[in-house]
Amino acid sequence: MSNILTSRKQDYAQWYNDLVIKGGLAEYSAVRGCMVIKPYGFALWENMRDQLDRMFKETGHQNAYFPIFIPKSFLSKEAAHVDGFAKECAVVTHYRLKNDPNGNGVIVDPEAKLEEELIVRPTSETIIWHSYKNWIQSYRDLPILVNQWANVVRWEMRTRLFLRTAEFLWQEGHTAHATKQEAIDETRQMLDVYATFVEEYMALPVIKGVKTESERFAGAEDTYCIEALMQDGKALQAGTSHFLGQNFAKAFDVKFADKDNNMEYVWATSWGVSTRLIGALIMAHSDDEGLVLPPRIAPLQVVIVPIYNKDEATTQKINDKAAEIVKELKAKGIRVKFDDDDTRRPGWKFAEYELRGVPVRITLGARDMDNNIAEVARRDTREKESIALDKVVEQAEQLLEDIQMNLYHKALTFRNENTTRVDSWDQFVSVLNDKGGFVAAHWDGTAETEDKIKEMTKATIRCIPLDSVQEEGACVLTGKPSKQRVLFAKAY
RNA sequence: CGGGGAGUAGCGCAGGCCGGUAGCGCAUCUGGUUUGGGACCAGGGGGUCGCAGGUUCGAAUCCUGUCUCCCCGACCA
């Protein structure tokens, strides 16, 4: 049995790292806090990206691309925004190197100092709104529905592969609207797109909600989010959608003439998900044997492992059958690989593909050929079954569906079991310490109380759920009146 | 930036106190036997011991300085 992974019980953080690295998703790079996304990890991201991109386009958005560099003066135009990001910006100050006169390689040429420093984008609101000023004159120019796929840099103190890296990949949608309501509708629509994507493709149930003031995006009026629960009972913000009001329009003086020729400020939204989703995926579904990937986004959905003996006729038979199955699965649009690499033995391959989270494995051996069967194994439950050869393709296709559903329901059950309604402070503290997960409790609505709770328990308000029922209650800390429960959790 | 740990072969580590031929496991290469849950046998290759000084006949080992990375905290998608 493989013992190359740390188990979740032993050390959850180490288990996560092992999975990322040994599963072939990513590795550390020469640059502190930055990672190399390896081909297998990038294939996973591409599958996620492609589906999201389709969904953005279905809702009327177009892709564009804005510069990675932002003039320093832009960032300071929106006060809250600069406050939020100033502490984690990489800054470009020079544009040239030269040979060190002392012979120690190259040095920054002091003659080549930039007039105005450039900030490596931590997010692109400012550079984009600078452009929007030129794009928008009249109500007929609105709405602008633009998305960009890009890398951004936030100089984080502590980093973790996928979950928090100094550079990460994401998409950021930036829209401009004539009315407040239209912008709010857009914000909510994109939140729904995210929730649908994460639930249906990543098989991960999420809570849709709105952030409290202290957790809000710097420069937003309202931040909506989807929150997911990881296997260790910690919450993870999986995506955010911001209603920006007129803050950026005012900062960049973006006005439009309405039908009555009145000049009005434009209403804005922005929304994003990042490679952090890959971290969520890993921590939600995987087990001590390795990654468990939802079929819809798995780079490889089915792998066929042959078990040869020395008999050439049998080998030929296995190869022919495998080729046939590959052809049929591909015709159905299923991503399949026949691993006939003779330098690895079957047991090695079983372990390897389990580590990599391939949902379905088909084993074809000499004995199977004699009996006209194949062994079909599913990654999520690790169950194996003997299937008649002429039913194998059908079975594999069915299993992919089953696994997708099973992963979702398993995660949903886990979340339900780890969401606790709490009405007293003692219970609040003990649930957070002993059980973890989401805690639904009343809160008096003040930032002071929120801060105090964070200080005492490390738990933060993840969101005020959109479907939260109105009920009379008392704040779990102060006892002051409250009208609805909010979700607390320790978070990534 | 505070506290803790670590830099020796691609990876994981031992050696260091007590200076004297640089070692182990995995990986890798060659040949063979194998193939139903990470195979076995035989042979081989690979390291200026993080870097710079110093002590010494001689430094991975002792001394001084320096750099980097990891873990725990404050900040964050």
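Between the CD1 atom of I278(A) and the C1' atom of A77(B) there is a distance of 14 Å, given to the nearest Å. Between the P atom of G36(B) and the CD1 atom of I387(A) lies a distance of 22 Å, rounded to the nearest Å. We find that CG of D83(A) is positioned 15 Å from P of C75(B), with the value rounded to whole Å. Here C71(B) presents its P atom at 12 Å from OH of Y16(A), a figure rounded to the nearest Å. The CE atom of M157(A) sits 16 Å away from the C1' atom of C71(B) (whole-angstrom rounding). When rounded to the nearest whole Å, the span between CZ of R158(A) and C1' of C70(B) equals 10 Å. Rounding to whole angstrom units, CG of residue D451(A) and P of A74(B) are separated by 13 Å. Protein atom NE2 of H81(A) is 12 Å distant from nucleotide atom P of A77(B), rounded to whole Å.
Side-chain atoms of K349(A) stay outside donor-acceptor range of the base of G36(B), with no qualifying N/O pair under 3.5 Å.
The separation of A60(B) from G32(B), taken at their C1' atoms, amounts to 39 Å, rounded to a whole angstrom. Comparing A9(B) with U48(B), their P atoms sit 9 Å apart, to the nearest whole Å. Only the C1' atoms considered, G12(B) is 31 Å distant from G58(B), to the nearest whole Å. Taking atom C1' in both C18(B) and C62(B), the straight-line distance is 11 Å, to the nearest Å. Only the C1' atoms considered, A52(B) is 41 Å distant from G43(B), to the nearest whole Å. Rounded to the nearest Å, the gap between the P atom of A22(B) and that of G50(B) is 15 Å. Comparing C70(B) with G65(B), their C1' atoms sit 23 Å apart, to the nearest whole Å. The same atom, P, is picked in G16(B) and in U28(B); the two are 31 Å apart, to the nearest Å.
Along RNA chain B, the nucleotide nearest E352(A) and the nucleotide nearest F168(A) are compared for position; the residue whose nucleotide lies closer to the 5' end is E352(A). Taking the nucleotide of RNA chain B with the nearest heavy atom to each of A13(A) and L355(A), the more 5' of the two is matched to L355(A).
Base pairing analysis places A42(B) opposite U30(B); the two distances defining the Watson-Crick or G-U wobble pair are each below 3.5 Å. The base-pairing partner of A60(B), taking Watson-Crick or G-U wobble contacts with both distances under 3.5 Å, does not exist among the strands shown. A 3.5 Å limit on both hydrogen-bonding distances identifies C1(B) as the Watson-Crick or G-U partner of G73(B). When both distances must be under 3.5 Å, the Watson-Crick or G-U wobble mate of C13(B) is G23(B). Here C51(B) sits opposite G65(B) as a Watson-Crick or G-U wobble pair (both hydrogen-bonding atom distances under 3.5 Å).
Contacts of residues 360-373 of chain A with RNA chain B (heavy atom under 4.0 Å): R361(A), T363(A), G365(A), A366(A), R367(A), D368(A).
Looking only at distances, a side-chain donor or acceptor of Y194(A) sits under 3.5 Å from a matching main-chain atom of G272(A).
Of the charged side-chain nitrogens involved, at least one lies within less than 4.0 Å of a carboxylate oxygen, so that E352(A) and R356(A) count as a salt-bridged pair. Ion pairing of R378(A) with D380(A) is present here, as a side-chain N (NZ or NE/NH1/NH2) and a carboxylate O approach within less than 4.0 Å. Taking the charged nitrogens against the carboxylate oxygens, K211(A) and E227(A) do have a contact shorter than 4.0 Å, which makes a salt bridge.
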*For W170(A) and N151(A), what are the C-alpha separation, side-chain angles and deciding distance, and is it a side chain to side chain donor-acceptor pair (under 3.5 Å)?*
CA-CA 6 Å; W170(A) 76 345; N151(A) 58 339; over 6 Å; no

*Decide side chain to side chain contact (heavy atoms under 4.5 Å, CB included) for I37(A) and L25(A); before the verdict, give the C-alpha distance in whole Å, the side-chain angles of both, and the deciding distance to 0.1 Å.*
CA-CA 6 Å; I37(A) 303 178; L25(A) 297 178; over 6 Å; no

*asked:* One pair to check against side chain to side chain donor-acceptor pair (under 3.5 Å): D342(A) and Y308(A). What are the steps and the verdict?
replied: CA-CA 9 Å; D342(A) 200 30; Y308(A) 298 122; over 6 Å; no

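At a threshold of 4.0 angstrom between heavy atoms, the contacts of T240(A) with the nucleic acid are absent. Using a 4.0 Å heavy-atom cutoff across all strands shown, F217(A) reaches no nucleic acid atom at all. At the heavy-atom level, K22(A) lies nowhere under 4.0 Å from the strands shown. Among the protein residues, L163(A) comes within range of the nucleic acid bases, having at least one heavy atom under 4.0 Å from a base atom. As judged by a 4.0 angstrom heavy-atom cut-off over every strand, T315(A) is placed among residues making no nucleic acid contact.
Evaluated for a salt bridge (charged side-chain N to carboxylate O under 4.0 Å, His left out) with R361(A), the options E385(A), E354(A), E383(A) yield exactly one hit, E354(A).
Aromatic ring pairs are classed by plane angle as parallel below 30°, tilted from 30° to 60° and perpendicular above 60°; the pair Y201(A) and F197(A) is parallel. Between F248(A) and F252(A), the ring-plane angle classifies as parallel under the 30° and 60° cut-offs.
Counting heavy atoms from C-beta on, the side chains of H242(A) and R216(A) never come closer than 4.5 Å. The side-chain heavy atoms of L5(A) and E289(A), taken from C-beta on, include no pair separated by under 4.5 Å.
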Which atoms of nucleotides 27-35 of chain B (N or O only) lie under 3.5 Å from a protein N or O atom, and what are those distances?
unit_1, atom_1, unit_2, atom_2, d
U34(B), OP1, K310(A), NZ, 2.9
U35(B), O2', Y308(A), O, 3.2

